[in-house]
Asker: 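The structure is given below, and queries will be raised subsequently.
Lettering follows sequence order; numbering is per chain, from 1.
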Amino acid sequence: MAEDSKIFEENKNWDRRLEKEAEKKVNSLKWTFSPSSEKKIFSIDTPPPYTSGRPWHLGAAAQYSKIDAIARSQRMLGKEVLFPVGMDRNGIPVERYAEKKYDIKMRDTPRDKFIDLCRESLDELEKEMFEILRSFAYSADFENVYRTDSVEYRTLTQSTFIEMWKKGKIIRGTRPSNYCIDCGTTIADAEIEYKEMDTNLVYFYFNIKGSDKKILVASTRPELLGACSAILVNPEDERFRDLINKTAITPIYNKEVKIIAHSYAKAEFGSGAVMICSYGDYNDVMIIKELKLPENIIIDTNGRMNENAGEKLKGLKVKEARKEIISMLQEAGYVEKIENIQHRTPMCERSKTPIEIIPLDEYYLKVTDIKDKLEELANELTMIPEQHKQILINWLKVSTDWPISRRRYYGTEIPLWYCTKCNEPYIPEEGRYYQPWKEKPPQNAVCTKCGGREFIGDDRTFDTWMDSSVSALYVTKYLSDKDFYEKTYPLSLRTQGIDIIRTWLNYSILRCYLLTDKLPWEKAWIDGMGLDEHGEKMSKSKGNGIDPTIVIDKYGADAFRFWAASEALPGSNFLFSESRMQGSAKFLTKLWNVARLINQFGKSEDINEAELNESDKWIIAYTEKLTEECRKGYEGLNPFIPANKIREFVWNVFAPHYIELVKARAYGENFSENEKKAAIYTLNYVLNRILLLIAPVTPFITQTLWDVLYGKESIHYQRIPESKKYDDAILLLGDKLMEFNSKIWNSKKEKKLSLRDEIKIEIPQDLKPFEKDLKSMHNIIN
RNA sequence: GGGCCUAUGGUCUAGUGGUUAUGACGUCUGCCUUACACGCAGAAGGCCGGGAGUUCGAACCUCCCUGGGCCCACCA
């Protein structure tokens, strides 16, 4: 032991350097799940982090460190823990990352080549992610990492899609999409940039049916007049009060449209009346959906007006059509004025031309028919904290069928082909990974409708949530291992951030329910967001993301983890703060020095309770109470409680009161050998327990201290003991004891005495059992 | 703009009908007391965002307002 203690002689503080030394040990522990274990199973569906983020935000790392504390605590509470780690690798972010990195454009690059470049980027980025996770001792099963773009994972995504297709859950429909006419393709929201453009705001009249009144409308898109399906006015707007619910007549087209009161129309903009067209912008999409207005498409995918636009406009490009309709309106005397305004226009960031919103044929997963059931499931799910459930419930009420097809490259392919004769879809069997854009359908494929044998593959991919929403099925081996699945599904827990309730949580419940008839987990643990020091969400676009590696190198991983656990209750947002991170580091040094001191005294064999002094009994009772509280915290998946309780105990009770009380006794000054033994026994009893209780939060320092002081086997393989019964009366007495200590310190201070100086003071009757320790602590003479 | 969440000493945070309202960081004062100056002891600092209501009683329940956050949507 003397050898081990060298670390204490050489280091007065806990720091990152010592952590690095412990890292080998801490990270060499294996956490492979054993399904045949006798222990109760605790399984966690953790978010596979998205691989393209660099640097990974501190907020995200903090969340993962809390999840890790939960996994570790469950192990130490005696559970067999399934704690998988995955990487989410599909979708637009990596496509855009690769475009930037290699200075290429997705649609100008052969798909095969582009996919390879994405994969290369992902492999590099992934390495970095793993390094960060390991740097703070994330204890998932790294020997069985899953990736959402692997053949196995994509097979699951496709097979479960096929299963749902067969159950009739997949439907076709049109969906207004961002369409770049110049590029001839849909583009993602992320590929849109908004630009202030000069444009004309045209004021023109609609006649009111059965009246000689008129209504003045202002529009930047008059060419969409033929697609106008309503006019909105603000319900508060006096000018239009008597026109609400009247019918207006579209100039030129002579179609009837309703005038509807809706808060979207702003009285101060334009004329106060706005025409809703399919589709001028996304507001039109929302309003048409909300008010169930008819859709009338007048722009085709070539960017030209179609027959619905009328003979004069048909075939014209959008800009030409705008000019033409303005002069038509002017000729007919409908135009009141034309204003030149700056208009924020959505542009394709690639072609720099305005995008159009055009309905395209897409696949949907049916949601609307089971909304009641989903709400029921949501209510069954235990949510931590419970208040966040409202976000899910509210979303379920307004959610619609989920569009699942995407016109992208790096994603799981939609496993469908179409008959070249009759266009009927052909769906293959489950159990294989299909790439219809470059593969022929299975050999025996025959069109179910016309018997045709020629097919063309669907070249689309799925929305990436189609992949991640079956993570609960992947990690429980839904397709590949029946026994494993039966044992682990539904999982015990889903952990995730509040920002993806509407997506990941919602879609996971939906898909897993459709496939298994059950909720995928018993509980969902929803964390808040990591915000910067000003309280704003960290994000790359704002540039306020903080690199966790820098913080960890500076303050240490345990300090980082302790900060994350102690800063806020799960579910609350937490602000990054260097000073509080530093505070956590200070606490670890405090703990380190408590251990250094206790280590000096050596060990004592177990002793009878009868041999303990009153102070010893008190601090042991306190420790049992602390154990009870911490266990409750961990059982409730709330590391905030143990982190704060332990800090308070160590810093405000154990160190200043108990240790000071028994220091002299432990040194053996003026005490019997038995009394000395009792002190040393108790000091170690308490320290041992503190280490066990805080180990899930701070794995490095506890590993190091445990090795030196107590352990052959790693602390992380130990159990947190059940708390023993304790006597409340002695705790109350202990409170008085601490008050008395303060009183003495105060009075020494008043008398300008040093803490070592003698003092004459009466020890209260009820504190007599502590008399000997008190006298030596304060140097009391009478 | 819509929905939801939230508001506690300078900063962050616990508390959720009756407590002298918790703790941390910071500040101030005095101390290197054989573990720690990343420390010890002491102190100052809060009309629990504003207004109204429910109640014998509200930081805690209800409503309105204001600020902040998240998600969605973004100006005809």
Asker: Determine the contact category for A:S742: base if any of its heavy atoms lies under 4.0 Å from a base atom, sugar-phosphate if only primed atoms, P, OP1 or OP2 are that close, otherwise nothing.
Answerer: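 Contact class for A:S742: sugar-phosphate only.
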Asker: In residues 746-760 of chain A, which ones come under 4.0 Å of RNA chain B, going by heavy atoms?
Answerer: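 Under 4.0 Å from RNA chain B: A:N746, A:K749, A:L755, A:R756.
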Asker: Give RNA chain B the dot-bracket treatment, 5' to 3': Watson-Crick (N1-N3 with N6-O4 or O6-N4) or G-U (N1-O2, O6-N3) under 3.5 Å, [ ] crossing, | other strand.
Answerer: (((((((..(((.....[....))).(((((.......))))).....(((((..]....))))))))))))....
Asker: Of the options B:A41, B:G23, B:U34, whose atoms approach the side-chain atoms of A:P656 most closely?
Answerer: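 Ranking B:A41, B:G23, B:U34 by closest atom to the A:P656 side chain puts B:A41 first.
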Asker: A:F576 and A:W563: which non-hydrogen atoms are nearest, and at how many Å?
Answerer: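 For A:F576 versus A:W563, the nearest heavy atoms are CA-CZ2, 3.8 Å.
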Asker: What does A:D499 touch in the nucleic acid at a heavy-atom separation under 4.0 angstrom: a base, only the sugar-phosphate, or nothing?
Answerer: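 Answer is sugar-phosphate: A:D499 comes under 4.0 Å of backbone atoms only.
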Asker: Using a cut-off of 4.0 Å on non-hydrogen atoms, how would the nucleic acid contact of A:A265 be classed: base, sugar-phosphate, or nothing?
Answerer: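 Base contact - A:A265 has a heavy atom under 4.0 Å of at least one base atom.
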Asker: As a test of reading the structure: which of B:C72, B:C70, B:A14 is closest to the side chain of A:L569, going by heavy atoms?
Answerer: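 Taking heavy atoms from C-beta onward, the closest nucleotide is B:A14.
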Asker: May I ask you to check whether A:W395 and A:H388 place their ring centres under 6.0 Å from each other?
Answerer: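 Centroid distance A:H388-A:W395: not below 6.0 Å, so no.
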Asker: Under 4.0 Å, heavy atoms only, any strand: does A:W651 hit a base, just the sugar-phosphate, or nothing?
Answerer: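 The residue A:W651 makes sugar-phosphate contact but no base contact.
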Asker: Does the base of B:C36 carry an N or O that pairs as donor and acceptor with the side chain of A:K12 under 3.5 Å?
Answerer: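 Answer no: no donor N or O sits under 3.5 Å from an acceptor.
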Asker: Would you mind reporting whether A:N741 and A:M777 have side-chain heavy atoms less than 4.5 Å apart?
Answerer: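 A side-chain contact under 4.5 Å exists here.
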Asker: With heavy atoms under 4.0 Å as the rule, sort A:F587 into base, sugar-phosphate or nothing.
Answerer: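 Nothing: the residue A:F587, judged by heavy atoms under 4.0 Å, touches no strand.
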Asker: Hey, what's the ring geometry for A:H778 with A:F740, parallel, tilted or perpendicular (30° and 60° as the breaks)?
Answerer: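 Rings of A:H778 and A:F740: perpendicular, over 60°.
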Asker: Per the atom types in the model, does the base of B:C38 pair as donor or acceptor with the side chain of A:T589 at under 3.5 Å?
Answerer: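 Flag set: donor-acceptor pair detected.
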Asker: Heavy atoms under 4.0 Å, any strand shown: does A:E578 hit a base, just sugar-phosphate, or nothing?
Answerer: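 Result for A:E578 = nothing.
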